[in-house]
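Residue numbers begin at 1 in each chain, while the letters A, B, ... track the order of the sequences. These numbers come from a predicted model, not from an experiment.
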Number of protein chains: 2
Amino acid sequence: MYFCFMKYSLSEENYLKAIYHLEKIAATGVATNAIAEQMETKPSSVTDMVKKLSEKDLVNYIKYQGVTLTEKGRKTALTIIRKHRLWEVFLVDKLNFHWDQVHEIAEQLEHIHSEELISRLDKFLGEPDFDPHGDPIPDKHGNIKRTEKKLLSDLDKNQGGVCVGVKESSAEFLQYLDKKKITIGTKIKVLGKEFFDGSMVILVGKDQSFISKKTAENLYVQTN
Amino acid sequence: MYFCFMKYSLSEENYLKAIYHLEKIAATGVATNAIAEQMETKPSSVTDMVKKLSEKDLVNYIKYQGVTLTEKGRKTALTIIRKHRLWEVFLVDKLNFHWDQVHEIAEQLEHIHSEELISRLDKFLGEPDFDPHGDPIPDKHGNIKRTEKKLLSDLDKNQGGVCVGVKESSAEFLQYLDKKKITIGTKIKVLGKEFFDGSMVILVGKDQSFISKKTAENLYVQTN
DNA sequence: ATTAAATTTTAGATAAGACTAAAATATTGT
DNA sequence: ACAATATTTTAGTCTTATCTAAAATTTAAT
Ligand SMILES: [Mn+2]
Ligand SMILES: [Mn+2]
Ligand SMILES: [Mn+2]
Ligand SMILES: [Mn+2]
């Protein structure tokens with residue numbers, strides 16, 4: 001297989017990315033319906049594309065059994081994710097965009113084809129390890145620096161940590177976190193946890209705050 | 001017509017840009033063949049696209065009589081050119097690309113859709129008036145700052161000026177200019193002009209240099 | 001073990017953008 | 001003026017990426 005600087009279409013790249021993200025959740029092969037939902041398209045369209053990706057040796061596909069990425073497919077997906085996240089850092093760090101504004105633009109920028117561009121952008125940004133949402137940026141070989149992190153919802157009373165990422169990164173959720181004064185790097189401590197509904201009273205900096213279970217399940221923290 | 005933030009396809013945008021550039025040369029309507037050559041496509045494909053652009057009120061088209069841009073088409077072309085040139089400035093000024101490396105990448109970046117992105121990029125770059133090749137950058141309304149400039153080939157003996165742009169901006173020509181130590185801002189003086197073939201002996205900084213007519217016809221200077 | 005329901009695939013259609021070959025129109029040369 | 005040439009358009013085909021409707025297969029329920 002060696003090194004292949006093949007260029008793929010916008011659509012192919014988006015499918016690979018979707019499958020990559022779904023593969024992390026699904027234990028078995030990724031289901032056609034799951035891909036269709038993620039891509040906001042129809043299952044029949046997915047089947048067509050999956051066949052094509054299979055032809056190009058980017059996915060393993062057996063009828064009715066879902067798909068998995070091949071090594072080549074995974075590498076390709078990771079370079080797109082790398083580009084996405086680097087561009088997000090650019091938008092936030094250099095152009096002063098807010099973290100809830102960058103995803104849509106990065107969705108476009110991630111498809112720009114130029115190794116040299118990404119290599120220089122990476123240097124320009126100081127070779128960052130994480131994007132504005134706390135997600136790790138794969139290096140040029142597709143290696144991801146894994147870090148210890150837990151969902152805030154898994155902490156017990158009196159445990160504390162630093163917010164290092166969000167699971168959901170919709171604009172709505174990010175804007176809600178702003179209102180709560182929570183962002184990457186914010187110190188959080190669990191003051192109380194309600195048995196009934198999983199809601200929490202937490203210490204954010206010096207102030208108390210009340211958050212729902214749903215919120216706690218979408219915040220990653222690094223415990224100390 | 002008012003303000004229309006309609007998004008056009010990659011192909012439509014490229015056609016508009018091509019027609020814009022050809023319109024500056026052609027006195028009459030832009031010929032189908034000319035567009036085909038510029039776009040590296042077939043005349044029949046051009047006819048198809050031109051009909052579509054005409055439907056969308058981006059060009060005026062009468063069978064067999066070539067096309068001209070409408071006001072809407074011209075504005076749209078200018079926003080794409082604005083994006084192209086701003087990205088070129090970014091690539092050279094911020095990522096330290098060389099001026100002969102940026103065009104291809106800018107051809108991709110110019111199609112990213114986001115007003116906010118371009119507005120912020122413009123500010124980040126210091127609202128530049130010219131791109132790395134000396135071409136003017138239209139403002140957000142499509143206004144271009146016109147400057148006095150002549151082709152070096154039109155200067156007479158003993159006239160001098162500052163290089164402010166290139167007509168051709170192929171990588172080959174730009175690399176040749178590097179070898180000749182000529183770039184934007186370089187002071188040039190005509191020491192001699194050969195009647196026979198239009199070649200020139202010029203002063204570049206403190207050194208003499210010999211250039212062909214073809215080279216002189218592709219260099220813009222501002223006389224002092 | 002059958003039947004019902006959900007999932008997935010196939011078959012056939014559509015739209016965008018490109019192509020080739022042939023027809024229509026315009027331009028040139030004598 | 002009229003034939004020869006060049007340009008442009010039309011007609012029909014192809015590819016990519018979608019879609020709908022129907023068939024095939026798997027999974028879940030009785
Ligand atoms: Mn994102
Ligand atoms: Mn992100
Ligand atoms: Mn350029
Ligand atoms: Mn330029």
Readout for nucleotides 6-11 of chain C: B = base within 4.0 Å of protein heavy atom, S = sugar-phosphate only, - = neither; 5' to 3' it is -SBBB-
If I take atom [atom1] in residue [X] and atom [atom2] in nucleotide [N], what distance separates them, rounded to the nearest angstrom?
| X | N | atom1 | atom2 | value |
| --- | --- | --- | --- | --- |
| A/Leu10 | D/dT18 | CG | C1' | 14 Å |
| A/Lys42 | D/dA21 | NZ | C1' | 12 Å |
| B/Ile35 | C/dA18 | CD1 | P | 13 Å |
| B/Leu53 | C/dA16 | CG | P | 13 Å |

Which donor-acceptor pairs under 3.5 Å do side chains of residues 211-219 of chain A form with protein atoms, sequence neighbours excluded?
from     : atom 1 : to       : atom 2 : distance (Å)
A/Ser212 : OG     : A/Lys214 : N      : 3.4
A/Ser212 : OG     : A/Thr215 : N      : 3.2
A/Ser212 : OG     : A/Thr215 : OG1    : 3.2
A/Asn218 : OD1    : A/Glu168 : N      : 3.4
A/Asn218 : ND2    : A/Lys214 : O      : 2.9

Please identify each residue that fulfils salt bridge (Lys or Arg N to Asp or Glu O under 4.0 Å) with A/Lys56, with sequence neighbours left out.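 For A/Lys56 the salt bridge (Lys or Arg N to Asp or Glu O under 4.0 Å) partners, ignoring immediate neighbours, are A/Glu12.
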Run the side chain to side chain donor-acceptor pair (under 3.5 Å) test against A/Thr41 and tell me which residues pass, sequence neighbours left out.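 Listed in chain order: nothing, the list is empty.
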With sequence neighbours left out, write down each residue that passes ring-ring contact (aromatic ring centres under 6.0 Å, His included) with A/Tyr15, or none if nothing qualifies.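 A/Tyr15 satisfies ring-ring contact (aromatic ring centres under 6.0 Å, His included) with no other residue.
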Donor-acceptor list for residues 118-128 of chain A side chains, cut-off 3.5 Å, not counting sequence neighbours:
from     : atom 1 : to       : atom 2 : distance (Å)
A/Arg120 : NE     : A/Glu116 : OE2    : 2.7
A/Arg120 : NH1    : B/Leu95  : O      : 2.9
A/Arg120 : NH1    : B/Asn96  : O      : 2.8
A/Arg120 : NH2    : A/Glu116 : OE2    : 3.2
A/Asp122 : OD2    : A/Arg82  : NH2    : 3.4

Verify the contact: side-chain N or O of A/Thr41 to OP1 or OP2 of D/dC19, cut-off strictly under 4.0 Å; return yes or no.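 The answer is yes; a side-chain N or O of A/Thr41 sits under 4.0 Å from OP1 or OP2.
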Hey, are B/Lys17 and B/Glu110 close enough for a salt bridge, meaning a charged N less than 4.0 Å from a carboxylate O?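 Salt bridge between B/Lys17 and B/Glu110, a charged N being under 4.0 Å from a carboxylate O: yes.
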